[in-house]
Every structure is written in C-alpha cells, then in structure tokens.
Amino acid sequence: GDSVTQMEGPVTLSEEAFLTINCTYTATGYPSLFWYVQYPGEGLQLLLKATKADDKGSNKGFEATYRKETTSFHLEKGSVQVSDSAVYFCGLDTGRRALTFGSGTRLQVQP
Amino acid sequence: DTAVSQTPKYLVTQMGNDKSIKCEQNLGHDTMYWYKQDSKKFLKIMFSYNNKELIINETVPNRFSPKSPDKAHLNLHINSLELGDSAVYFCASSQELGDQPQHFGDGTRLSIL
C-alpha cells in the first residue's frame with residue numbers, strides 16, 4: 001500500500017541554519033506530493049505541493065522537489081527562524097481522494 | 001472567522017462511555033474528512049464524506065460512526081470507548097473530493113482513563 005517515511009525528530013537547529021527534512025514514499029501510480037505544517041495547538045496547513053516529477057513546490061522560503069527516481073520529496077529551507085518551529089508532515093495523494101501522511105517531524109529552532 | 005471548527009477541543013472520559021465530536025466548516029466545501037493522529041504523530045484517514053455521502057471508510061472499528069446531517073457538518077460518534085482510542089482527531093474539508101489543500105480544524109484531544 002501507499003506509505004510515507006520521514007526522518008525522525010526532533011530536529012533542533014539554531015536560527016539561520018539550513019534545514020533538510022527527508023521524505024521518501026512508496027505508492028502505485030503517480031502521486032501528488034505535499035508538505036503540511038502543524039503549529040502548536042493548531043491543525044495542519046498546506047505548506048507546499050508538487051503534482052508531477054521534477055516539479056518544485058515552494059512557499060515561505062521552503063522548497064521541495066519531486067524526485068521520481070529516488071521517490072523522495074525532501075523539504076529544505078536556507079535559513080530557519082524561531083517561528084518555523086512546528087511539526088512538518090510529508091503526504092501523498094494517489095487519487096484515492098485522501099492523503100497518506102508520514103509520521104511528522106518536529107522542528108525546534110533556537111534563537 | 002474559523003473555517004473548520006471542532007468541538008470539544010479536549011475530551012476526557014472513561015472506558016466504555018459513548019462520546020461525540022462535532023465538526024463544522026463554513027467554507028462551502030463539498031467534502032469533509034476525519035483523521036486520527038496517534039501518540040506517535042501518525043496521521044491516518046478514517047472517513048470522508050462528499051455531499052453527505054460516505055466515500056472513504058478505512059479499516060476503522062464499527063464503534064466509530066460518522067454522521068453528516070448536511071454538507072457543512074460531519075460529526076463523529078464513538079461507542080464503548082477503549083484505551084486505544086486516545087488520540088487527537090482532526091476534521092478537515094476540501095472544495096471537492098480529492099482537492100488540495102485540505103483545511104484542517106485544530107483537533108480534538110481525546111483521553112480515555
């Protein structure tokens with residue numbers, strides 16, 4: 001079945017550090033890929049998405065590129081801020097009309 | 001204005017009880033979902049409804065029964081609560097089935113004593 005694997009957290013970084021959160025997936029067909037973010041006490045919000053191979057999704061300084069050859073969708077940001085502290089979920093949609101999420105990676109950014 | 005609202009935010013109850021969680025969306029969306037997030041943060045789809053019709057019903061015990069009185073509401077009723085039901089339950093909605101983004105509520109944290 002469909003599945004998403006994310007690196008375990010927490011990931012602790014200092015402000016302005018470079019961020020990478022790894023995400024790989026297993027799916028039949030050609031899924032759309034997403035990153036959602038969950039700030040403390042809130043629901044998930046879509047951060048960025050990519051719908052086909054080699055697409056790059058970007059938002060708020062975050063980027064992720066759909067790599068079909070490595071079945072990956074790693075999240076990156078060049079310079080994190082304290083306000084980026086949250087839980088990040090990688091997800092995919094194979095057209096089953098619901099998302100399959102990874103287990104989430106908690107990011108803690110220290111001033 | 002809260003787009004997707006769930007009540008209650010916290011629910012603490014004893015094993016064996018029956019409880020309901022309510023969800024309402026004011027976005028005019030046709031599709032609503034229930035997700036369960038367990039203690040390890042895994043987030044899994046439970047149900048989805050499109051225009052009050054059940055579309056997705058994952059492998060969920062039949063103690064869980066969703067009810068959609070209209071397309072703006074999707075309530076979750078749970079009978080005979082068990083310890084393993086402790087989790088955060090998220091409601092979400094999207095314009096149409098399969099659309100992104102999905103808009104999530106803030107979650108209901110259910111704790112079973």
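Throughout, protein chains are lettered first and strands after them, A, B, ... in sequence-line order, and every chain is numbered starting at 1.
Between chain B and the options A:G91, A:G102, A:G41, the largest number of non-hydrogen pairs under 4.5 Å is found for A:G41.
Residue B:E96: no heavy atom, backbone or side chain, is found under 4.5 Å from chain A. Of the atoms belonging to A:Q38, it is side-chain heavy atoms, and not backbone ones, that fall under 4.5 Å from chain B.
A donor-acceptor pair shorter than 3.5 Å cannot be found between the side chains of A:Y25 and A:Q6.
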Steps toward side chain to side chain contact (heavy atoms under 4.5 Å, CB included) verdict (A:E63, A:K56): CA-CA 7 Å; A:E63 291 183 340; A:K56 178 186 282 187; 3.6 Å; yes
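Linking ILVMFWY side-chain heavy atoms closer than 4.5 Å, directly or via other members, places A:L47 and B:L43 in two distinct hydrophobic clusters.
Shown here are the side-chain hydrogen bond (donor to acceptor under 3.5 Å, both in side chains) partners of B:K71, two or more places apart in sequence or in another chain: B:D30.
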